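For clarity, every value in this text was computed on a predicted model and none was experimentally measured. Residue numbers count from 1 along this sequence.
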Amino acid sequence: QVQLVESEGGLVQVGGSLRLSCAASGGASSTNTMAWFRQGLGKEREFVAAIRRGDRKTSYGDSVKGRFTISMDRPKNTMYLQMNSLKPEDTAVYYCAGSSRSWILSAMSNKEGYDYWGQGTQVTVSS
C-alpha cells in the first residue's frame with residue numbers, strides 16, 4: 001500500500017518562502033510521477049508542479065512558474081516543493097499526489113492521472 005505524507009505547512013508573509021516535502025512509502029516503483037496540487041476555499045483543485053522519477057523532468061502551472069521549484073530525492077523517495085515570493089493567492093491546502101505511470105509532460109497536470117494522495121497541508125500567505 002502506497003502512502004504519501006506531507007510535511008506541515010504554515011503561515012507565511014507575502015514575499016516569504018516555504019518548503020514542503022512529501023515522503024512516499026510502499027515502493028518507489030509505484031510513484032514514477034509525483035506532483036503537487038492545491039485547493040483554495042471554494043475553488044477546484046488545481047495543478048501546481050510535477051516531476052518524473054526516472055529523468056527528473058518537471059512541469060509547472062502557469063501561476064507558479066519562476067517562483068516554485070519541485071525536486072525529488074530518489075534514494076529517500078521524497079519530493080519537495082520550494083515556494084518563493086509567495087502571494088496571497090497561493091493560500092490553499094496543498095496535496096501531494098503520486099502515479100505508477102511515468103506520464104508525458106502534457107499529461108502531468110491532469111489530476112485524474114494520479115492514484116495516490118496525501119492528506120493535505122495548509123499554507124496561508126498573509127500581508
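Relative ring orientation between F37 and F47 is described as perpendicular, the plane-to-plane angle rising above 60° on a 0-90° scale split at 30° and 60°. In this pair, F68 and Y94 present their aromatic rings tilted. The plane angle is within the 30 to 60° band.
Within the structure, salt bridge (charged side-chain N to carboxylate O under 4.0 Å, His left out) pairs that include any residue of residues 104-116 do not occur (at least two apart or interchain).
N77 places a side-chain N or O within donor-acceptor distance of the main-chain N or O of A24, the cut-off being under 3.5 Å. For Q3 (side chain) and G26 (main-chain N/O), no donor-acceptor pair under 3.5 Å exists by modelled atom type. Here the side chain of Y95 pairs no donor or acceptor atom with the backbone of E6 at under 3.5 angstrom. Side-chain N or O atoms of R52 include none that pairs as donor or acceptor with a backbone N or O of K57 at under 3.5 Å.
Taking CE from M79 and OG1 from T33, the interatomic distance works out to 10.5 Å, rounded to the nearest 0.5 Å. Here the OH atom belonging to Y60 is positioned 12.5 Å from the CH2 atom belonging to W36, to the nearest 0.5 angstrom. A distance of 7.5 Å separates CE in M108 from OG in S102, rounded to the nearest 0.5 Å.
We find that D62 and K65 are joined by a salt bridge, their nearest charged nitrogen and carboxylate oxygen being less than 4.0 Å apart.
Between M83 and V12 there is no side-chain heavy-atom pair separated by less than 4.5 Å. S99 is not listed as a side-chain neighbour of Y116, based on a closest heavy-atom distance of 4.5 Å or more. Looking only at side-chain heavy atoms (C-beta outward), P88 and V14 come within less than 4.5 Å of each other. The shortest distance between side-chain heavy atoms of R56 and I51 falls below 4.5 Å. The shortest side-chain heavy-atom distance between N32 and W103 does not fall under the 4.5 Å cut-off. L4 places a side-chain heavy atom less than 4.5 Å from the side chain of M34. A 4.5 Å side-chain heavy-atom check between R38 and S63 finds at least one atom pair inside the cut-off. Side-chain contact between R53 and R74 is present, with heavy atoms from C-beta onward closer than 4.5 Å.
Looking at every heavy atom in both residues, Q39 comes nearest to K43 through NE2-O, 3.0 Å. Taking each heavy atom of A92 and G40 in turn, the nearest pair found is CB-N, 3.8 Å.
More than 12 heavy atoms of other residues, nucleotides or ligands lie within 6.0 Å of CD in E89, so this atom counts as buried by the packing criterion.
Between N84 and S17, the side chains place a donor N or O and an acceptor N or O closer than 3.5 Å (distance only, hydrogens not considered).
The hydrophobic clustering, which links ILVMFWY residues whose side-chain heavy atoms are closer than 4.5 Å, places L105 and L81 apart. Cluster membership check: M72 shares its hydrophobic cluster with I70, using side-chain heavy-atom separations under 4.5 Å among Ile, Leu, Val, Met, Phe, Trp and Tyr. Tracing side-chain contacts under 4.5 Å through hydrophobic residues (I, L, V, M, F, W, Y), one never reaches L18 starting from V93; they form parts of separate clusters.
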Below 3.5 Å, can you tabulate the donor-acceptor pairs from side chains in residues 120-127 to any protein atom, sequence neighbours excluded?
unit_1, atom_1, unit_2, atom_2, d
T121, OG1, S7, O, 3.0
T121, OG1, G9, N, 2.7
Q122, NE2, T124, OG1, 3.3

